[in-house]
Amino acid sequence: MTVETRPAPKLHRAWLIAGAAFVALLASAGFRAAPGVLIDPLHEEFGWSRTTISSAVSVNLVLFGLFAPFAAALMERFGIRRVSATALTVIALGAGGTVFMTASWQLVLCWGVLVGLGTGSMAMGFAAMVATRWFVRSRGVVTGVLTAAGATGQLIFLPLIANLAVDSGWRTASLVIAIAALAVVPVVLLVIRDHPADVGTTAYGAPADAGATRPVPRTGSVRRALSVLGQAARTRTFWLLAVGFAICGATTNGLVGTHFVPAAHDHGMPQTTAASLLALVGVFDVVGTIFSGWLTDRVDPRILLGVYYALRGLSLALLPQLFTDSVQPSMWAFILFYGLDWVATVPPTVALCVRAFGDAGPIVFGWVFASHQLGAAFAASAAGLVRDQLGNYTLAWYSAAVLAVIASVASLAITRAKKPVAVLAT
């Protein structure tokens, strides 16, 4: 009797694309992890105030956000692969260029403009584009995994940057980031493809009768991005998402991501220890964001956002009492709690954008993400000013807690979309 064996199921190409995108996002996260541990070294070497250095961070964060929707539109026209490879090269140029700077305007140019544009092209809109084009099933989980890539990059680079800055100087740390970004370019060019139709397949989980048809590339990327913004801005949903995500940026990248290390150092904690704590936020964020993606496939995203922001506000309200010269159990609890919530907001926000705006969802999310970075930029500068004027960050932490509660209310006020806004798909 002959036993018929079936060949093992072939891995869908979408998972290879997602893997390469994860690596690319991980590499681009390196320089975004740098500001918190380089503020003090730059202050000591050049004498620049924390307000001046924070302003360069703010330029980075603004461009990181504002360029995201245009990058999504450029990906529609020129392809995900070419845009992401170019972005990684620009990040490397910006990171490498900082080693030659002697004036604060050069910090703004390299750290702010070049790295801001490069990382903006590799922002959450890139993750949304990959997840939307290549996945139907498990889209929320994939969005969570790709979002977690930024936290994983922080996990890898932050302790390395901190130790290099202490042992070998901040210039060595910048060069390591530049090399890491360049090393990923061949991976992007060899593995990533722009659309399932390019390799004769369909998105993962798409209906069996779905055709492998590649959409016609859109021209006028700038016009497309601005047109989508104009139409989305007429809806209440867009503004509620934008307000919530602006506060998300203010309470993560802008405040904690930029100022946690110097704030802990103010209380006598070694800079490398504080950087390791912030890296641990990245460890727990990986778990929290992937789990959030899983929940987004099953739970109303509006409820998830409301809960996430409320819990974040609670943790930030408690933080000022937790700083000491050593790591106490209460600080470990904060790192765990806050880490799980760090960017868990992304999968439900992407889901709401796609649900409300259809095929234009990734570009709409790019604009919502721009508000995230505007909030982050404001918080980065404002917290630096608070520290320079008051001598501590206490007011900044409490203000962020109040803002998080406002974001929770805004998220719960979003109405359920019955169908996408049709005009945005044109």
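Remark: Trp332 CH2 is loosely packed, at most 12 non-hydrogen atoms of other residues, nucleotides or ligands lying under 6.0 Å away. A 6.0 Å sphere centred on CZ of Phe291 holds no more than 12 heavy atoms belonging to other residues, nucleotides or ligands. No more than 12 heavy atoms of other residues, nucleotides or ligands shown are found within 6.0 angstrom of CH2 on Trp239.
Considering CG of Leu403 and CZ of Arg312, their distance stands at 11.5 Å, rounded to 0.5 Å. Arg387 contributes atom CZ, which lies 7.5 Å from atom CG of Asn392 (distance to the nearest 0.5 angstrom). Of the inter-residue distances, the one linking Leu277 atom CG with Thr272 atom OG1 reads 10.0 Å to the nearest 0.5 angstrom. In this structure, Leu182 CG and Leu88 CG are separated by 8.5 Å, a value rounded to the nearest 0.5 Å. If you take CG on Leu107 and OG1 on Thr98, they are separated by 8.0 Å, rounding to the nearest 0.5 Å.
No hydrogens or angles considered: nothing links the side chains of Tyr308 and Ser411 as a donor-acceptor pair under 3.5 Å.
The backbone N or O of His195 sits less than 3.5 Å from a side-chain atom of Asp198, completing a donor-acceptor pair. Formation of a donor-acceptor pair under 3.5 Å by the Thr289 side chain with backbone atoms of Val286 is not found in this model. Although no hydrogens or angles enter the test, the distance criterion places no donor-acceptor pair under 3.5 Å between the side chain of Thr143 and the main chain of Ala127. Side-chain atoms of His43 do not come within 3.5 Å of backbone N or O of Gly47 as any donor-acceptor pair. A donor-acceptor pair is defined here as one N or O able to donate and one able to accept, closer than 3.5 Å; no such pair exists between the side chain of Ser408 and the backbone of Ala404.
Under the salt bridge (charged side-chain N to carboxylate O under 4.0 Å, His left out) criterion, Arg81 pairs with no residue, sequence neighbours left out. Legend: residues meeting salt bridge (charged side-chain N to carboxylate O under 4.0 Å, His left out) with Asp388, ordered by chain and number and at least two apart, are absent.
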side-chain contact (heavy atoms from CB on, under 4.5 Å) between Phe323 and Tyr393, intermediate numbers included
CA-CA 11 Å; Phe323 284 116; Tyr393 287 99; over 6 Å; no

Worked verdict on Val256 versus Trp397 for side-chain contact (heavy atoms from CB on, under 4.5 Å):
CA-CA 9 Å; Val256 177; Trp397 303 124; 4.0 Å; yes

Dump the intermediate steps for side-chain contact (heavy atoms from CB on, under 4.5 Å) on Phe238 and Leu229, then the final yes or no.
CA-CA 9 Å; Phe238 173 81; Leu229 172 63; 3.7 Å; yes

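Aromatic ring pairs are classed by plane angle as parallel below 30°, tilted from 30° to 60° and perpendicular above 60°; the pair Phe334 and Phe260 is parallel. The aromatic rings of His12 and Trp134 lie perpendicular to each other, with more than 60° between the two planes, well past the 30° mark.
Counting heavy atoms from C-beta on, the side chains of Asp266 and Pro262 never come closer than 4.5 Å. Counting heavy atoms from C-beta outward, Val368 and Cys353 have side chains that approach closer than 4.5 Å. Using a 4.5 Å heavy-atom cutoff, the side chains of Ile406 and Tyr309 are not in contact. Taking the side chain as every heavy atom from C-beta outward, Leu305 and Leu352 approach each other to under 4.5 Å. For the pair Tyr204 and Ser138, the minimum side-chain heavy-atom distance is below 4.5 Å. With contacts defined as side-chain heavy-atom distances shorter than 4.5 Å, the pair Arg133/Ile80 qualifies.
Taking the ring centroids of Phe135 and Trp15, they lie under the 6.0 Å cut-off. Ring centroids of Phe126 and Phe369 are separated by 6.0 Å or more, keeping the two rings apart. In this structure, the ring of Trp342 has its center no less than 6.0 angstrom from the ring center of Phe337.
Of all heavy-atom pairs spanning Met122 and Ser84, the tightest one is SD-CB, 3.4 Å. Considering all non-hydrogen atoms of both residues, Leu146 and Ala18 come closest at CD2-O, 3.5 Å.
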